[in-house]
Amino acid sequence: MNNVGGSEGKKMSKRLKTVLFAALLVGAGFFFGTICRQIGHAYELILAPSGELLTLLLWFLLAVGAVAVSAGLVTALVRPVWVGFIAFALSGLAMLLGWQVAIVSGILVVVYLLAACAYVEGVVKELSERIRFSMRAIRAGQRILLMALALVACGSLYMGYAAHIEQEGFSLPEVYTEVFMEQLEKQIEARVPAEEREEAVSEFREGFQRIVDEFVEQEVKPYEWLIPLVVAAGLFMPLVTIIGLLTWVPTAILSLVFRLLTVLGVTKVVSEIQEIEKLVID
């Protein structure tokens with residue numbers, strides 16, 4: 001009876017640990033979704049970089065790291081594998097709720113789930129073929145998952161910028177026009193007498209703004225629907241590059257977490273003896 005009770009208690013403990021790891025992944029997915037919502041409203045920061053853009057980038061990297069670490073925990077520890085798939089599906093749903101429920105966001109979350117499935121299958125297969133547990137399998141499989149997260153973030157930017165242009169139309173950021181105006185105003189002030197400068201500068205500003213408005217209306221407006229796509233596509237490779245340079249961070253954190261879980265008794269190292277069949281000369 002004691003053995004039966006102990007076995008049941010062990011199963012219950014394992015289920016609770018599985019739920020905890022899955023909850024961490026779901027929470028990370030929701031957190032990443034909230035960051036995607038912020039990125040969707042950050043098109044002005046992308047076009048005119050400032051300190052706020054750096055802050056948003058740091059939050060994005062933190063969200064990516066949270067998903068990568070929790071995904072590594074679920075992939076390496078949660079068994080059977082189909083339970084891990086359910087955990088990723090719930091994280092995708094949480095991501096959608098933290099972001100916004102729409103057709104494009106739904107498609108992007110599906111891309112994330114497909115990448116997650118490929119990540120899980122690749123890591124599980126690699127771990128099963130190894131004699132000893134290694135972080136190398138988890139690190140190697142993370143690239144496709146991280147690229148999918150970068151794609152989701154760029155898709156969020158596209159959605160937000162496209163909605164803005166559809167409602168208000170495209171306009172050049174004031175910071176760009178101001179730079180040109182300031183440079184040309186200096187030349188005008190150097191050539192025009194002091195008593196005529198104010199009027200000359202005022203006329204110049206009106207004329208310059210009219211030229212910019214005409215250019216946007218005639219040359220840019222017919223293709224303004226492409227601008228969000230170009231901006232989002234242009235952001236993808238820089239994000240992938242930055243994430244690629246920092247992939248060692250979630251791997252290092254995971255390594256420490258695995259050791260801590262072993263020390264705390266949450267996990268343990270199990271050695272198995274397997275029979276190997278070979279064909280040899282008799």
Side-chain angles (χ1 to χ4, degrees), residues 25 28-76 88 91-92 94-96 98-100 102 104-123 125-126 135-162 226-255:
L25 180 58
F30 183 81
F31 176 44
F32 185 83
T34 60
I35 299 302
C36 283
R37 186 172 67 244
Q38 295 182 35
I39 293 174
H41 298 289
Y43 43 84
E44 293 183 356
L45 297 179
I46 303 297
L47 297 176
S50 65
E52 294 182 25
L53 179 61
L54 178 59
T55 301
L56 181 59
L57 176 61
L58 292 176
W59 278 110
F60 168 74
L61 293 176
L62 180 61
V64 169
V67 173
V69 171
S70 56
L73 286 171
V74 169
T75 303
F88 274 101
S91 74
M95 187 183 298
L96 200 60
W99 181 8
Q100 70 177 65
V104 177
S105 59
I107 293 173
L108 291 170
V109 168
V110 169
V111 171
Y112 156 74
L113 293 178
L114 291 175
C117 290
Y119 169 64
V120 172
E121 289 185 358
V123 172
K125 180 180 179 182
E126 183 74 15
M135 290 297 301
R136 184 177 300 176
I138 297 176
R139 182 175 62 249
Q142 276 186 342
R143 183 172 298 275
I144 185 173
L145 181 65
L146 297 179
M147 288 185 65
L149 293 176
L151 180 63
V152 171
C154 292
S156 176
L157 176 64
Y158 166 78
M159 290 175 61
Y161 198 15
L226 278 173
I227 296 175
L229 183 61
V230 172
V231 173
L235 182 65
F236 179 70
M237 285 310 300
L239 281 185
V240 170
T241 301
I242 294 172
I243 292 174
L245 293 174
L246 297 175
T247 50
W248 62 271
V249 176
T251 304
I253 294 174
L254 266 175
S255 180

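Below, all heavy atoms of this structure are taken into account, side chains as well, without hydrogens, waters or symmetry copies.
Take E126 and apply the salt bridge (Lys or Arg N to Asp or Glu O under 4.0 Å) test, not counting sequence neighbours, and it matches R130.
Legend: side-chain hydrogen bond (donor to acceptor under 3.5 Å, both in side chains) pairs involving residues 229-242, not counting sequence neighbours: none detected. Residues in residues 37-56 take part in these ring pair (Phe, Tyr, Trp, His ring centres under 6.0 Å) pairs, two or more places apart or across chains: Y43-Y161, Y43-H164.
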Donor-acceptor pairs under 3.5 angstrom involving side-chain atoms of residues 242-253: please list them, not counting sequence neighbours.
residue	atom	partner	partner atom	Å
T247	OG1	G244	O	3.1
W248	NE1	L245	O	3.3
T251	OG1	T247	O	3.2

Distance-only criterion, 3.5 Å: show the donor-acceptor pairs between side-chain atoms of residues 107-122 and protein atoms not counting sequence neighbours.
residue	atom	partner	partner atom	Å
Y112	OH	S91	OG	2.9

Please tabulate, one pair per line, all N/O donor-acceptor pairs under 3.5 Å involving side-chain atoms of residues 145-159, not counting sequence neighbours.
residue	atom	partner	partner atom	Å
S156	OG	C36	O	2.3
S156	OG	G40	N	3.4
S156	OG	W99	NE1	3.3

Run the side-chain donor-acceptor check on residues 53-73: report pairs under 3.5 Å with partners two or more places apart or on a different chain.
residue	atom	partner	partner atom	Å
T55	OG1	G51	O	3.3
S70	OG	A66	O	2.7
S70	OG	V67	O	3.1

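Rounding to the nearest 0.5 Å places CD of Q142 at 9.0 Å from CZ of R139. T34 contributes atom OG1, which lies 10.0 Å from atom CE of M95 (distance to the nearest 0.5 angstrom). Between the CD1 atom in I39 and the CG atom in L235 there is a gap of 8.0 Å [rounded to 0.5 Å].
The neighbour count for R143 CZ, taken as heavy atoms of other residues, nucleotides or ligands under 6.0 Å away, does not exceed 12.
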